[in-house]
Amino acid sequence: MSAPDLATLLQGAGALPTLPQVVTHILETLNDDNADADSLVQRLNTDPVIVARLLAAANSSAFGLSTQVASTRQAILVLGLKTVRTITLATALIEQFGNVTSGFDGRLLWRHSVGVATCARVIAERIGHNAEAAFSAGLLHDIGQLLMLAVAPDACAEVRIRMRQGDVGIVAAEQEIFGYDHAIAGGELARLWRLPEDIVGAIHGHHRPDSGEDGEIGDLVHVAEVLSHALDLGESERNHVPDVSEIALLRLGLDWSMLAPRFPEIEARYSGVRQALGL
Amino acid sequence: MKTRTVCLPPGELAPGMVVASQVCGPQGAVLLAAGTVLDETTLENLRRRNLEFLSVHVADPRDDATIAADIAAAAARIDHIFRGEGSAQRRALREAVAAYRRRLAE
């Protein structure tokens with residue numbers, strides 16, 4: 001059985017649903033301090049699935065208010081713009097790609113993505129990087145796996161068998177079977193979708209930070225991914241902490257003693273987002 | 001009864017828990033002092049302020065044998081997820097997480 005080459009894989013990107021308009025809007029306005037709630041509300045209201053999830057989150061025990069939240073605007077007041085954007089982004093992606101991931105444990109992939117996103121947000125806060133952009137990049141970092149699953153499910157099944165048999169990491173197994181890995185595929189997909197350059201960099205760079213090609217956010221998502229594995233966010237039985245790039249840590253000016261005091265907070269915030277998303 | 005300190009998201013906070021470290025608003029004003037016992041009113045106030053997490057003291061009913069078992073289980077999990085070799089920074093991360101897990105389990 002042969003896996004498709006990268007060009008063929010990308011031609012198959014049509015097999016993936018396109019990103020909803022509201023997601024593109026959120027990603028485009030991540031670096032815009034003047035982005036207003038009104039234009040977000042307008043776009044949110046065109047997507048009933050997201051509105052339902054937002055209202056459910058605002059009314060859930062996770063926020064536990066005694067009054068009922070009935071509108072998107074009210075949900076923004078209750079949850080805060082930051083949380084609304086987080087829930088919207090994650091819900092839209094999970095809804096959109098639900099079919100692709102139904103064959104394997106899609107829940108696990110999304111829990112992992114939420115874990116990496118949470119770590120990325122806390123690291124960004126610590127080093128003064130844009131925390132929302134870091135969160136979004138974390139959420140999207142494994143989008144290449146979804147593309148590979150959609151276009152080449154059999155080859156992906158082979159990757160998983162190879163990982164189990166050899167106890168090798170996903171990148172090595174994908175390289176062996178596809179000749180490239182999900183970070184490369186995801187970076188190309190993000191480019192095709194015209195996502196912001198820093199998100200493209202984060203997706204492309206998260207497994208090869210030593211190259212330094214993908215800027216600070218590539219380093220940041222790489223370190224966030226390692227930390228997320230180390231804190232066991234996602235609780236996969238077969239969890240394995242990958243090696244960390246010492247160069248990436250140096251470039252970010254980070255060491256673990258700076259992040260260790262925030263381990264409890266990372267776990268609590270991760271649980272909070274999971275509860276809000278019903279993951 | 002003994003207590004332990006845990007950091008929880010808003011959905012897991014409950015009346016009767018004791019605030020472990022003070023909570024400040026964006027302007028630095030103290031919203032809740034350490035030692036405050038949470039009740040429905042304080043909880044609703046915190047949620048209205050979009051609180052994402054809070055450190056609290058909770059009752060710890062575990063006996064010594066259970067605590068020892070929890071510590072051993074946490075150490076075994078660290079051994080499992082950090083299996084294999086890695087860089088000095090990966091070893092440093094392992095130490096940091098192991099120390100944290102041990103404190104949590106104690």
Side-chain angles (χ1 to χ4, degrees), chain A residues 57-58 60-67 77-84 86 118 121 167-169 223 226-227 229-232 235-250 254-276, chain B residues 4-15 17 20-21 23 26 38-58 73-74 76-105:
Chain A
S60 74
S61 60
F63 293 89
L65 294 173
S66 51
T67 45
L77 281 177
V78 171
L79 300 170
L81 195 53
K82 188 172 83 182
T83 307
V84 166
T86 300
T118 307
R121 172 175 276 166
D167 201 21
V168 294
V223 173
V226 174
L227 180 58
H229 279 287
L231 288 174
D232 236 344
E235 300 136 27
S236 153
E237 188 39 49
R238 297 183 39 76
N239 184 17
H240 177 247
V241 182
D243 206 353
V244 62
S245 158
E246 305 198 330
I247 299 172
L249 281 167
L250 266 176
L254 265 181
D255 67 65
W256 302 118
S257 64
M258 292 158 71
L259 292 171
R262 300 188 70 168
F263 289 171
E265 167 195 333
I266 291 173
E267 291 188 308
R269 288 168 86 166
Y270 168 72
S271 301
V273 176
R274 256 184 68 179
Q275 284 162 14
Chain B
R4 63 202 296 215
T5 309
V6 288
C7 188
L8 298 175
E12 292 171 28
L13 295 172
M17 292 177 175
S21 45
V23 182
L38 294 177
D39 58 25
E40 289 296 352
T41 316
T42 45
L43 277 173
E44 174 128 356
N45 273 336
L46 289 174
R47 285 163 185 156
R48 283 197 181 283
R49 289 175 183 275
N50 301 319
L51 168 98
E52 288 183 89
F53 58 90
L54 183 66
S55 264
V56 286
H57 301 301
V58 294
R77 181 67 184 165
I78 295 281
D79 284 344
H80 174 67
I81 67 173
F82 278 92
R83 62 194 178 277
E85 295 299 310
S87 61
Q89 282 292 353
R90 184 176 183 264
R91 288 193 294 280
L93 175 60
R94 180 194 166 116
E95 278 169 33
V97 177
Y100 167 59
R101 291 276 172 247
R102 191 181 168 85
R103 269 199 313 281
L104 264 190

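Chain A is the first sequence line, chain B the second, and so forth, proteins listed ahead of strands; every chain is numbered from 1. Quick caveat, the model's predicted, so the values are computed rather than measured.
Ranked by heavy-atom pairs under 4.5 Å with chain B, the list A/L259, A/L249, A/D232, A/D255 is led by A/D232.
Separation of atoms CG (A/L254) and CD (B/Q89) is listed at 9.5 Å; rounding is to 0.5 Å. A distance of 12.0 Å separates CD of A/E246 from CZ of B/R90, quoted to the nearest 0.5 Å.
Atom CZ of B/R83 has more than 12 heavy atoms from other residues, nucleotides or ligands within 6.0 Å.
Contact record, A/S271 with B/P9: CB-CG, 3.7 Å, taken as the closest heavy-atom pair. A/A230 approaches B/F82 most closely through the heavy-atom pair CB-CZ, 3.7 Å.
Only the side chain of B/L104 comes within contact range of chain A, with at least one heavy atom under 4.5 Å from a heavy atom of that chain. Using a 4.5 Å cut-off between heavy atoms, A/L231 touches chain B through backbone and side chain atoms alike. If you measure heavy-atom distances from A/S257 to chain B, you find no contacts under 4.5 Å at all. Interface remark: B/A88 contributes backbone and side-chain atoms alike to the contact with chain A (heavy atom separation under 4.5 Å). In this structure, chain A has no heavy atom under 4.5 Å from any part of B/R94. Residue A/V273: no heavy atom, backbone or side chain, is found under 4.5 Å from chain B. In this structure, chain A has a heavy atom under 4.5 Å from the backbone of B/L8, while its side chain stays farther away.
Scored by the salt bridge (Lys or Arg N to Asp or Glu O under 4.0 Å) test, A/R274 finds A/E235 as partners (sequence neighbours excluded).
Annotation: side chain of A/P264 is in contact with side chain of B/Y100 (closest heavy-atom distance under 4.5 Å).
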side-chain contact (heavy atoms from CB on, under 4.5 Å) evaluation trace for B/L93 with A/V244: CA-CA 9 Å; B/L93 175 60; A/V244 62; 5.9 Å; no

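Within the structure, every pair that satisfies the salt bridge (charged side-chain N to carboxylate O under 4.0 Å, His left out) test and touches residues 263-272 of chain A, not counting sequence neighbours, is listed here: A/E125-A/R269, A/R262-A/E265, A/E265-A/R269, A/E267-B/R101, A/R269-B/E52.
A donor-acceptor pair under 3.5 Å is absent between the side-chain atoms of A/N239 and the main chain of B/I81, judged by distance alone.
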